Peer 1: 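Take a look at the following structure, please.
Only this structure's heavy atoms are used, side chains among them; waters, hydrogens and symmetry mates stay out. Owing to the predicted nature of the structure, the values given are computational and were not obtained by experimental measurement.
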Amino acid sequence: MKFEVTILGSSSATPIFNRNPTSQVLNINERLYLIDCGEGTQQQMLRFDIKASRIDHIFISHLHGDHYLGLVGLLSSMHLNGRKKALKLVCPVQLKEIIDLQLRYSDTELQFPVEYIFTNAQQSEVVINNSDVVVETIPLDHRIACTGFLFKEKKRLRKLIKEKIESIDIPVAYYSVLKKGGDYTDEKGKVYKNEELTIDSAEPKTYAYCSDTMYNENYFGQIANATLLYHEATFLNDMLDRAVITHHTTALQAGEIALKTNAKKLLIGHFSARYKTLNELLDEAKINFPSTELAIEGKTFFLE
């Protein structure tokens, strides 16, 4: 099953040349999930061939502008392009008031329904549960209410061993039973154990998206053992005092978090505009966690 994330924006509070504010698209089994929607997200979607019509879920972590100021424009474009199907918007409750105000003063009534799912920054909650994935909020420690999002792939059914199935001539009607772990008994009463006929599916993957937050071990348990951990790394560690004041994380701390939570791979982003190049941030994170990569815009990361 496809499970990959494409970076649309990786800058923090202000965009700079070649770096836009935060936004990502997660593709899980050909369902697209937009995570945060900073200014310029629409342009990035066009640039990297992400079709807005395929996005049915949008997640907004918090109400600092670099994480949501592109949203009203995106909704307006969906409206102008004739969208009819519902859009699920997972967000802080106050965002509905902001959107309603924008639409009211532009005399716009969206042609499609927006189904709001409001987040609670005080506790983790399941906000999406479908056939592919369960999504939980991650309460973070920022200057305002902020949640990350934990995407947990659902366990797939067992895989049939084609050669074995065909050699025994098992009827197709039994395939679903076998995939669910059942045994097969032929017409003569011989029992074939499930382990002979199938193999287990791959272990479910998890993507932990930790947007704006200072170092706080309260959320470490929830994000433990992530296949891919995205964590903000706004500053180098020589600006730790600034990181604490603004409730952000340094690259060194992001690496420590990945190490302590046993992540398989770390992806860092939300870089301060003061850094024109990013190699120093990458090198610093790698001090604690060598399997670290930069959230480079346009790059797709595959969860394996």
Peer 1: Please give me the minimum heavy-atom distance between K260 and Y215, naming the atom from each residue.
Peer 2: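 Heavy atoms of K260 and Y215 come nearest at NZ-OH, 2.9 Å.
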Peer 1: If you compare all heavy atoms of G148 against all heavy atoms of L140, which two are closest, and at what distance to 0.1 Å?
Peer 2: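 It is N-CD1, 3.4 Å.
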Peer 1: Determine whether L178 and R158 make a side-chain contact, defined as any pair of heavy atoms from C-beta on separated by less than 4.5 Å.
Peer 2: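 No, their side chains stay 4.5 Å or more apart.
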Peer 1: Does the distance from a Lys or Arg side-chain N to an Asp or Glu carboxylate O, for R104 and D100, drop under 4.0 Å?
Peer 2: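 Here R104 does not pair with D100 in a salt bridge, since their nearest N and O are not under 4.0 Å apart.
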Peer 1: Given L95 and L63, is the side-chain contact (heavy atoms from CB on, under 4.5 Å) satisfied, shown in steps?
Peer 2: CA-CA 7 Å; L95 185 55; L63 294 183; 3.9 Å; yes
Peer 1: Assign the ring pair H231 / Y219 to parallel, tilted or perpendicular, where the plane angle (0 to 90°) is split at 30° and 60°.
Peer 2: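 Parallel.
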Peer 1: Determine whether R143 and H64 make a side-chain contact, defined as any pair of heavy atoms from C-beta on separated by less than 4.5 Å.
Peer 2: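 Contact flag for R143/H64 side chains = yes.
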Peer 1: Would you find a donor on one side and an acceptor on the other, under 3.5 Å apart, between the side chain of Q44 and the backbone of L8?
Peer 2: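 Present.
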Peer 1: Passes side-chain contact (heavy atoms from CB on, under 4.5 Å), R156 versus K179? Steps please.
Peer 2: CA-CA 9 Å; R156 313 306 286 179; K179 289 179 179 180; over 6 Å; no
Peer 1: With side-chain contact (heavy atoms from CB on, under 4.5 Å) as the test, pick out the partner of L103 among I98, L110, V114.
Peer 2: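 When side-chain contact (heavy atoms from CB on, under 4.5 Å) is applied between L103 and each of I98, L110, V114, only L110 qualifies.
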Peer 1: Under a 4.0 Å threshold between the charged nitrogen and the carboxylate oxygen, would D56 count as salt-bridged to R83?
Peer 2: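 Between D56 and R83 there is a salt bridge, with a charged N closer than 4.0 Å to a carboxylate O.
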Peer 1: How about E125: does its CD atom have over 12 heavy atoms from other parts shown lying under 6.0 Å from it?
Peer 2: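 Counting neighbours around CD of E125, more than 12 heavy atoms of other residues, nucleotides or ligands fall under 6.0 Å, so yes.
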Peer 1: What's the separation between atom CG in N194 and atom NZ in K180, rounded to the nearest 0.5 Å?
Peer 2: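 Between N194 CG and K180 NZ, I get 12.5 Å after rounding to 0.5 Å.
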Peer 1: Which value, rounded to the nearest 0.5 Å, describes the distance between S76 atom OG and Q102 atom CD?
Peer 2: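 With rounding to 0.5 Å, OG (S76) is 8.0 Å from CD (Q102).
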Peer 1: State whether the number of non-hydrogen atoms from other residues, nucleotides or ligands found under 6.0 Å of E297 atom CD is greater than 12.
Peer 2: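 Correct, the count exceeds 12.
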Peer 1: In plain terms, say whether K155 and E203 are close enough for a salt bridge, that is, a side-chain N and a carboxylate O under 4.0 Å apart.
Peer 2: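 So K155 pairs with E203 through a salt bridge.
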Peer 1: Compare every heavy atom of A295 with every heavy atom of S10, then report the nearest pair and how far apart it is.
Peer 2: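 For S10 and A295, the tightest heavy-atom pair comes out as CB-O, 3.1 Å.
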Peer 1: Got a sec: does the OH of Y275 have more than 12 other heavy atoms crowding it under 6.0 Å?
Peer 2: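 Yes, the 6.0 Å shell around OH holds more than 12 heavy atoms from other groups.
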Peer 1: Judged by atom type as modelled, is there a donor-acceptor pair below 3.5 Å linking the side chain of E293 to the main-chain atoms of L266?
Peer 2: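 Such a contact is absent between E293 side chain and L266 backbone.
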Peer 1: Let me confirm one number: the CG-CD distance from L259 to Q253, rounded to the nearest 0.5 Å.
Peer 2: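 L259 CG to Q253 CD: 13.5 Å, rounded to 0.5 Å.
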Peer 1: Determine whether more than 12 heavy atoms belonging to other residues, nucleotides or ligands lie under 6.0 Å from atom CD of E109.
Peer 2: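 Count not over threshold, so no.
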Peer 1: Please name the pair of heavy atoms, one in L74 and one in C37, separated by the smallest distance, quoted to 0.1 Å.
Peer 2: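 In terms of heavy atoms, the two residues are closest at CD2-SG, 4.0 Å.
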Peer 1: Do L71 and F59 share a hydrophobic cluster, counting only Ile, Leu, Val, Met, Phe, Trp and Tyr and linking them when any side-chain heavy atoms are less than 4.5 Å apart?
Peer 2: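 Shared cluster, no.
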Peer 1: Can you name the closest pair of heavy atoms from N288 and L252 and give their distance?
Peer 2: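 Scanning both residues completely, I find the closest heavy atoms to be ND2-O, 3.0 Å.
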Peer 1: How long is the gap from CD1 on I60 to OG1 on T22, to the nearest 0.5 Å?
Peer 2: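 These two atoms lie 10.5 Å from each other.
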Peer 1: For S77 and Q42, which heavy atoms make the closest approach, and how far apart are they?
Peer 2: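 Where S77 meets Q42 most closely, the heavy atoms are OG-OE1, 2.5 Å.
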Peer 1: Could you check if a side-chain atom of N27 sits within less than 4.5 angstrom of a side-chain atom of R54, using non-hydrogen atoms only?
Peer 2: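 In short, these two side chains touch, coming nearer than 4.5 Å.
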Peer 1: When clusters are formed by joining ILVMFWY residues with side-chain heavy atoms under 4.5 Å apart, either directly or through shared neighbours, do I35 and V127 land in the same one?
Peer 2: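 Yes, because I35 and V127 connect within a single hydrophobic cluster, where side-chain heavy atoms sit under 4.5 Å apart.
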Peer 1: Is there a donor-acceptor pair closer than 3.5 Å between any side-chain N or O of K188 and the backbone N or O of T185?
Peer 2: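 Checking the backbone N and O of T185 against the side chain of K188, no donor-acceptor pair under 3.5 Å is found.
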Peer 1: Give the intermediate values and the outcome of side-chain contact (heavy atoms from CB on, under 4.5 Å) for residues I138 and F149.
Peer 2: CA-CA 5 Å; I138 307 169; F149 300 101; 5.7 Å; no
Peer 1: Stepwise, does the side chain to side chain donor-acceptor pair (under 3.5 Å) test hold for K154 with N129?
Peer 2: CA-CA 10 Å; K154 287 190 173 179; N129 187 348; 2.6 Å; yes
Peer 1: Do N218 and N216 have side-chain atoms, one donor and one acceptor, less than 3.5 Å apart?
Peer 2: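 Yes, side-chain donor-acceptor contact under 3.5 Å.
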Peer 1: Before giving the answer on side-chain contact (heavy atoms from CB on, under 4.5 Å), spell out for E115 and L89 the whole-Å C-alpha distance, their side-chain angles and the decisive distance to 0.1 Å.
Peer 2: CA-CA 6 Å; E115 299 175 5; L89 180 53; over 6 Å; no
Peer 1: Let me check something: do I128 and L26 share a hydrophobic cluster, defined by ILVMFWY side-chain heavy atoms less than 4.5 Å apart, either directly or through other members?
Peer 2: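 Looking at the clustering, L26 is in the same group as I128.
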Peer 1: Considering residues at least two apart in sequence or located in another chain, which fulfil the side-chain hydrogen bond (donor to acceptor under 3.5 Å, both in side chains) criterion with Q222?
Peer 2: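 In terms of side-chain hydrogen bond (donor to acceptor under 3.5 Å, both in side chains), with neighbours along the sequence ignored, Q222 is linked to S124, E136.
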Peer 1: Of all residues at least two apart in sequence or in a different chain, which pass the side-chain hydrogen bond (donor to acceptor under 3.5 Å, both in side chains) check with K264?
Peer 2: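 Expected list: none.
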Peer 1: Could you tell me if H247 and D212 have a donor-acceptor pair between their side chains, going purely by distance under 3.5 Å?
Peer 2: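 No pair is found: no donor N or O on one side chain lies under 3.5 Å from an acceptor on the other.
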Peer 1: Return the orientation label for the F235 and H248 ring planes: parallel under 30°, perpendicular over 60°, tilted otherwise.
Peer 2: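 Because their plane-to-plane angle is over 60°, the rings of F235 and H248 count as perpendicular.
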Peer 1: With ring-ring contact (aromatic ring centres under 6.0 Å, His included) as the criterion, how do H67 and H270 come out once you've worked through the C-alpha distance, each side chain's angles and the decisive distance to 0.1 Å?
Peer 2: CA-CA 10 Å; H67 293 260; H270 199 263; 5.3 Å; yes
Peer 1: Tell me, do T234 and T250 make a side-chain contact under 4.5 Å, heavy atoms counted?
Peer 2: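 T234 does not reach T250 side chain to side chain.
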Peer 1: Return yes if some donor-acceptor pair links the side-chain N/O of Y184 with the main-chain N/O of P171 below 3.5 Å, else return no.
Peer 2: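 Flag not set: sc Y184 to bb P171 has no pair under 3.5 Å.
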Peer 1: Any donor and acceptor pair, going by atom type alone, linking the side chain of D186 with main-chain N or O of G189 inside 3.5 Å?
Peer 2: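 Present.
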Peer 1: Quick one: CG on D36 to CG on L69, what's the gap to the nearest 0.5 Å?
Peer 2: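 The CG atom of D36 sits 11.0 Å away from the CG atom of L69.
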Peer 1: Without swapping roles, check the side chain of K85 against the backbone of S53 for a donor-acceptor pair under 3.5 Å.
Peer 2: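 Side chain of K85 to backbone of S53, a donor-acceptor pair under 3.5 Å: yes, one is there.
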Peer 1: Please walk me through it: do S272 and S12 pass side chain to side chain donor-acceptor pair (under 3.5 Å)?
Peer 2: CA-CA 5 Å; S272 169; S12 57; 4.7 Å; no
Peer 1: Any non-hydrogen side-chain atom of E30 less than 4.5 Å from a side-chain atom of K2?
Peer 2: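 In short, these two side chains touch, coming nearer than 4.5 Å.
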Peer 1: Rounded to the nearest 0.5 Å, what separates atom CD1 in I199 from atom NZ in K164?
Peer 2: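 The distance works out to 14.0 Å.
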Peer 1: Do Q24 and Y230 come within less than 4.5 Å of each other through their side chains, counting heavy atoms only?
Peer 2: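 Yes, at least one pair of side-chain atoms sits under 4.5 Å.
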Peer 1: Within the 4.5 Å heavy-atom criterion, are T206 and L303 side-chain neighbours or not?
Peer 2: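 When only atoms from C-beta onward are counted, L303 and T206 do not touch, as no gap falls below 4.5 Å.
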Peer 1: Distance alone, cut at 3.5 Å: any donor-acceptor contact between the side chains of T147 and T137?
Peer 2: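 No, no side-chain donor-acceptor contact under 3.5 Å.
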Peer 1: Got E280 and E284 here, is their nearest side-chain heavy-atom distance under 4.5 Å?
Peer 2: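 No. Closest side-chain heavy atoms not under 4.5 Å.
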Peer 1: Should F271 and Y209 be regarded as members of a common hydrophobic cluster, given that ILVMFWY residues are connected when their side-chain heavy atoms come within less than 4.5 Å of each other, either directly or indirectly?
Peer 2: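 Different clusters: F271 never reaches Y209 through Ile, Leu, Val, Met, Phe, Trp or Tyr contacts under 4.5 Å.
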Peer 1: Give a yes or no on whether I165 and V177 share a hydrophobic cluster (residues Ile, Leu, Val, Met, Phe, Trp, Tyr; joining criterion: side-chain heavy atoms under 4.5 Å apart).
Peer 2: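 No, I165 does not connect to V177 through the hydrophobic network.
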Peer 1: When you measure from the side chain of K205 to the backbone N and O of F151, does any donor-acceptor pair fall under 3.5 Å?
Peer 2: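 Judged by distance alone, no pair lies under 3.5 Å.
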Peer 1: Between T261 and I223, is there a donor-acceptor pair closer than 3.5 Å when you use the side chain of the first and the backbone of the second?
Peer 2: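 Side chain of T261 to backbone of I223: no pair is present.
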Peer 1: Return yes if some donor-acceptor pair links the side-chain N/O of S23 with the main-chain N/O of G9 below 3.5 Å, else return no.
Peer 2: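 Side chain of S23 to backbone of G9: no pair is present.
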